[in-house]
Amino acid sequence: QVQLVESGGGLVQAGGSLRLSCAASRRTVSTYAVGWFRQAPGKEREFVATINWNFGITYYADSVKGRFTISRDNAKNTAYLQMTSLKPEDTAVYYCAAGKGGKTDHEYDYWGQGTQVTVSS
């Protein structure tokens with residue numbers, strides 16, 4: 001069983017930055033794809049970014065492309081989501097997930113508990 005723990009969320013002003021971390025309980029980021037999803041109040045969970053396990057290939061939602069960067073540190077068994085130029089519409093609970101990868105949540109088998117990101121205008 002893989003356990004994922006997100007951290008790094010918080011309150012930030014529009015235009016600011018945050019870095020989210022996703023720590024895995026065992027060797028995960030080097031053997032699974034890691035994805036970040038988010039869910040705003042009253043909305044469905046949506047794909048944000050993903051990085052595959054072997055070549056580090058990344059994909060982003062159009063809404064975050066150029067502002068967010070997903071990365072991983074295999075030695076620390078941790079994945080990251082660097083978020084810059086944050087907008088109020090980025091406000092959501094952010095989840096990391098591990099699995100075979102893709103842009104839909106059913107392609108991931110393991111999920112963290114989520115971390116709240118709030119962007120004030």
Side-chain angles (χ1 to χ4, degrees):
Q1 184 72 10
V2 174
Q3 291 182 326
L4 304 173
V5 179
E6 302 97 335
S7 61
L11 174 64
V12 64
Q13 288 187 333
S17 300
L18 281 175
R19 188 177 79 158
L20 305 183
S21 299
C22 174
S25 59
R26 61 175 178 83
R27 189 167 67 97
T28 300
V29 296
S30 60
T31 56
Y32 291 93
V34 175
W36 285 94
F37 290 77
R38 66 186 181 186
Q39 188 167 21
K43 295 187 177 181
E44 293 187 353
R45 187 162 56 189
E46 64 174 2
F47 167 77
V48 175
T50 188
I51 184 167
N52 75 348
W53 69 270
N54 49 358
F55 299 112
I57 296 173
T58 58
Y59 296 97
Y60 297 91
D62 288 342
S63 59
V64 306
K65 202 172 293 182
R67 300 188 297 122
F68 291 9
T69 302
I70 188 171
S71 62
R72 68 184 188 206
D73 184 332
N74 291 351
K76 295 183 178 180
N77 214 24
T78 300
Y80 304 95
L81 185 68
Q82 178 69 49
M83 306 185 294
T84 64
S85 301
L86 283 161
K87 305 175 182 180
E89 51 263 44
D90 294 318
T91 295
V93 177
Y94 283 71
Y95 299 90
C96 71
K100 68 176 183 178
K103 300 180 181 179
T104 57
D105 53 12
H106 69 263
E107 297 175 276
Y108 296 84
D109 301 308
Y110 306 103
W111 292 82
Q113 83 290 348
T115 186
Q116 177 70 46
V117 172
T118 303
V119 184
S120 63
S121 57

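Take R19 and apply the side-chain hydrogen bond (donor to acceptor under 3.5 Å, both in side chains) test, not counting sequence neighbours, and it matches no residue. Evaluation of the ring pair (Phe, Tyr, Trp, His ring centres under 6.0 Å) rule for Y108 yields F37 as partners, not counting sequence neighbours. Checked against salt bridge (Lys or Arg N to Asp or Glu O under 4.0 Å), K65 has the following partners two or more places apart in sequence or in another chain: D62. Contacts of A92 classified as side-chain contact (heavy atoms from CB on, under 4.5 Å), with partners at least two apart in sequence or in another chain: R38, A40, Y94. Taking the side-chain hydrogen bond (donor to acceptor under 3.5 Å, both in side chains) definition, one finds that Q82 meets it with nothing, sequence neighbours left out.
In this structure, R45 contributes its side chain and V93 its backbone to no donor-acceptor pair below 3.5 Å. Within the 3.5 Å criterion, the main-chain N or O of A23 finds no donor-acceptor partner in the side chain of T78. No donor-acceptor pair closer than 3.5 Å links the side chain of Q113 to the backbone N or O of V5. At distances below 3.5 Å, not a single donor-acceptor pair connects side-chain atoms of E6 with backbone N or O atoms of T115. Listed for the N52 side chain is a donor-acceptor partner under 3.5 Å among the backbone atoms of I57.
Summarising the geometry, atom CG belonging to N77 is positioned 7.5 Å from atom OG1 belonging to T31; distances are rounded to the nearest 0.5 Å. The structure places NE2 of H106 at 6.5 Å from NZ of K100, a figure rounded to the nearest 0.5 Å. Rounding to the nearest 0.5 Å gives a distance of 11.5 Å between OG1 of T50 and CH2 of W36.
Y110 has its side chain within reach of Y32: a pair of non-hydrogen atoms, C-beta onward, lies under 4.5 Å apart.
What you find for L4 and A24 is that their closest heavy atoms are CD2-CB, 3.8 Å. The heavy-atom pair separating L81 from V48 by the smallest distance is CD2-CG1, 4.1 Å.
Placement of Y59 and Y80 in two distinct hydrophobic clusters is found when ILVMFWY residues are connected by side-chain heavy-atom separations under 4.5 Å, directly or transitively.
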Walk me through whether R67 and Y60 qualify under side chain to side chain contact (heavy atoms under 4.5 Å, CB included). CA-CA 10 Å; R67 300 188 297 122; Y60 297 91; over 6 Å; no
Hey, mind stepping through L20 and M83 against side chain to side chain contact (heavy atoms under 4.5 Å, CB included) and telling me if it holds? CA-CA 8 Å; L20 305 183; M83 306 185 294; 3.8 Å; yes
W53 vs V34, test: side chain to side chain contact (heavy atoms under 4.5 Å, CB included). Steps then yes/no. CA-CA 8 Å; W53 69 270; V34 175; over 6 Å; no
May I have the list of side-chain donor-acceptor pairs in residues 11-18 shorter than 3.5 Å, sequence neighbours left out?
none

